[in-house]
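Reviewing the structure listed below.
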Amino acid sequence: MSQITVRSVVYQIDGQPYEGRLAFDAAHKGPRPGLLMAPNWMGVTDGAQKIAEAVAAQGYVVLVADLYGQALRPRDFNEAGAAMTPLKDDRALLRKRMQASFAALQAQGEAPVDTSKLATFGFCFGGCCALELARSGAPVKAAVSFHGTLDTPEPADARNIKGAVLVLHGAADPFVAKEQLPAFEAEMDAAGVDWQLVSYGGAVHSFTDTHANVPGKMMYDAKVSGRAFATMHHLLEEVFRG
């Protein structure tokens, strides 16, 4: 059984410090596929770290991206919303921070990464971030969104996507407008992207978050969460094969 190690990774964006968390199996000495994980709107938390550790145990080096900066750690939903909104409103800035985090994953010296096997995944706001990194043209083999928003101000940028896209969506999610789904499908089709959208009946927002407990809005669903992670791992095995 793998023993997952977690290390802090500090990097700079526009002269300011950002601090992500890197999860990996220290017993494995050779390079492994690298995954950039974009956390939900609460940012770099112990909960995000636990997800990263679980994914790393499947044979990956995972960096939890810091999208807000080392000094900003939201304490509640109000602070999280205040931190997230400027990035949702400025996708160029959001992409810049994701790209810097992606570069930090590859540059860190704690765990060797196979730079020919890179992907990104994210949750809620982080799902949006994963898709935007792919739309920016980053060399990811896959981009996976768990219960994230799908809209983008620049849908034509989907032509920059280099890998597969997987959206894992709660069919009853009140925070993802229904019209986003056909718009996303049209965006992907127009760009010729290899895409999948899996919609889970009855699931609402945050179905992977074990602490989510707002009935009808944000609720953990163990069965759906398990199915969703299995679907991601299946895709990653496929795109990294060979």
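Please read these numbers as outputs of a predicted model, since none were measured by experiment.
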Query raised in the report: Does the side-chain hydrogen bond (donor to acceptor under 3.5 Å, both in side chains) test come out yes or no for Ser8 and Glu19, once each step is laid out?
Result: CA-CA 7 Å; Ser8 171; Glu19 183 177 357; 2.6 Å; yes
Requested in this report: Check whether the ring centres of Phe125 and Phe123 lie less than 6.0 Å apart, and answer yes or no.
Outcome: no
Query raised in the report: Does Glu132 use its side chain to pair, donor to acceptor, with the backbone of Cys128 at less than 3.5 Å?
Result: no
Query raised in the report: Would you call the rings of Phe207 and His147 parallel, tilted or perpendicular, where under 30° means parallel and over 60° means perpendicular?
Result: perpendicular
Report task. Apply side chain to side chain contact (heavy atoms under 4.5 Å, CB included) to Asp209 and Asn40, showing your working. Result -> CA-CA 9 Å; Asp209 186 345; Asn40 66 20; 3.8 Å; yes
Report task. Take Gln49 and Glu53 through the side-chain hydrogen bond (donor to acceptor under 3.5 Å, both in side chains) test and state the conclusion after the steps. Result -> CA-CA 6 Å; Gln49 178 180 312; Glu53 290 180 46; 2.9 Å; yes
Query raised in the report: Heavy-atom distance under 4.5 Å between the side chains of Val61 and Leu105, does that happen here?
Result: yes
**Report entry** Rounded distance [0.5 Å steps], OG1 in Thr208 versus CG in Leu168
**Finding:** 9.5 Å
Query raised in the report: Hey, does Asp46 have a side-chain heavy atom less than 4.5 Å from the side chain of Arg21?
Result: yes
**Report entry** Side-chain (Arg159) to main-chain (Ala156) donor-acceptor, under 3.5 angstrom
**Finding:** yes
Report task. For residues Cys124 and Ser206, report the shortest heavy-atom separation together with the two atoms involved. Result -> SG-OG, 3.7 Å
Report task. Using the side-chain hydrogen bond (donor to acceptor under 3.5 Å, both in side chains) rule, pick out the option among Gln180, His205, Lys217 that qualifies with Asp173. Result -> His205
Query raised in the report: Got a donor-acceptor contact below 3.5 angstrom from the Tyr11 side chain to the Asp66 backbone?
Result: yes
Query raised in the report: Linking I/L/V/M/F/W/Y whenever their side-chain heavy atoms sit closer than 4.5 Å, directly or via other members, would Val140 and Phe121 fall into one cluster?
Result: no
Report task. For the pair Thr152 (side chain) and Pro155 (backbone), establish whether a donor and an acceptor sit closer than 3.5 Å, ignoring hydrogens and angles. Result -> no
Query - Closest contact, heavy atoms only, Val44 versus Arg73 - result: O-CD, 3.8 Å
Report task. Check whether Met232 and Val167 end up in the same hydrophobic cluster, where Ile, Leu, Val, Met, Phe, Trp and Tyr are linked by side-chain heavy atoms less than 4.5 Å apart. Result -> no
Query raised in the report: Of all heavy-atom pairs between Val239 and Ala164, which one has the smallest distance, and what is that distance?
Result: CG1-CB, 4.4 Å
Report task. Any chance you could measure Cys129, atom SG, to Arg91, atom CZ, to the nearest 0.5 Å? Result -> 8.5 Å
Query raised in the report: What do you reckon, is NZ of Lys162 surrounded by more than 12 foreign heavy atoms closer than 6.0 Å?
Result: yes
Query raised in the report: Under 4.5 Å between any side-chain heavy atoms of Arg32 and Phe24, yes or no?
Result: no
Query raised in the report: Shortest non-hydrogen contact from Ala26 to Thr5?
Result: CB-OG1, 3.4 Å
Requested in this report: Determine the minimum heavy-atom distance between Gly59 and Pro33, stating which atoms define it.
Outcome: O-CD, 3.7 Å
**Report entry** Lys141/Asp194 salt bridge by N-O under 4.0 Å criterion
**Finding:** no
Report task. Go through His169 and Val176 one step at a time and tell me if the side chain to side chain contact (heavy atoms under 4.5 Å, CB included) criterion holds. Result -> CA-CA 9 Å; His169 170 69; Val176 180; 3.9 Å; yes
Query raised in the report: What distance separates Arg95 CZ from Asp90 CG, expressed to the nearest 0.5 Å?
Result: 10.5 Å
Query - Interatomic distance, Met219 atom CE to His211 atom NE2 [nearest 0.5 angstrom] - result: 13.5 Å
Report task. Would you check, one step at a time, whether the test side chain to side chain contact (heavy atoms under 4.5 Å, CB included) holds for Gln196 with Leu235? Result -> CA-CA 10 Å; Gln196 300 175 70; Leu235 177 63; 4.0 Å; yes
Report task. Could you walk me through whether Glu79 and Asp76 pass side chain to side chain contact (heavy atoms under 4.5 Å, CB included), step by step? Result -> CA-CA 5 Å; Glu79 291 186 3; Asp76 54 38; 3.4 Å; yes
Report summary line: Rounding to 0.5 Å, atoms CH2 (Trp195) and CG (Leu166) come to a distance of 11.0 Å
Query - Thr120 (side chain) donor-acceptor with Leu36 (main chain) under 3.5 angstrom - result: yes
**Report entry** Contact summary for Leu118 and Asp114, nearest pair of heavy atoms
**Finding:** CD2-O, 4.0 Å
Report task. Indicate, with yes or no, if Ile13 and Leu93 share a hydrophobic cluster defined by side-chain heavy-atom contacts under 4.5 Å among Ile, Leu, Val, Met, Phe, Trp and Tyr. Result -> yes
Query raised in the report: According to a 4.5 Å side-chain heavy-atom criterion applied to Ile, Leu, Val, Met, Phe, Trp and Tyr, with indirect links allowed, do Val64 and Leu22 form part of one hydrophobic cluster?
Result: no
Query raised in the report: Taking C-beta and beyond as the side chain, do Thr149 and Phe175 meet within less than 4.5 Å on heavy atoms?
Result: no
Query raised in the report: Parallel under 30°, tilted from 30 to 60°, perpendicular over 60°: which one fits the rings of Tyr60 and His233?
Result: parallel
Query raised in the report: Within a strict 4.5 Å, meaning less than it, do heavy atoms of the Arg135 and Glu187 side chains meet?
Result: yes
Query raised in the report: Is it true that a side-chain atom of Ser225 and a backbone atom of Asp221 form a donor plus acceptor pair closer than 3.5 Å?
Result: no
Query raised in the report: How about Tyr18 and Tyr68: are their ring centres within less than 6.0 Å of each other?
Result: no
Query raised in the report: Which distance, rounded to the nearest 0.5 Å, do you find between the CG of Leu131 and the CG of Leu150?
Result: 6.5 Å
Query - Presence of salt bridge, Asp14 and Arg97, under 4.0 angstrom - result: no
Requested in this report: For the residue pair Val165 and Phe184, establish whether any side-chain heavy-atom pair is separated by less than 4.5 Å.
Outcome: yes
Query raised in the report: Same hydrophobic cluster for Val55 and Phe240, using side-chain heavy-atom links shorter than 4.5 Å among ILVMFWY?
Result: yes
Report task. Indicate yes or no: at least one non-hydrogen side-chain atom of Phe102 is less than 4.5 angstrom from one of Leu133. Result -> yes
Query - Stepwise side-chain hydrogen bond (donor to acceptor under 3.5 Å, both in side chains) test for Ser136 and Gln99 - result: CA-CA 8 Å; Ser136 77; Gln99 288 165 342; 3.2 Å; yes
Query raised in the report: Are any non-hydrogen side-chain atoms of Gln108 and Val113 less than 4.5 angstrom apart?
Result: yes
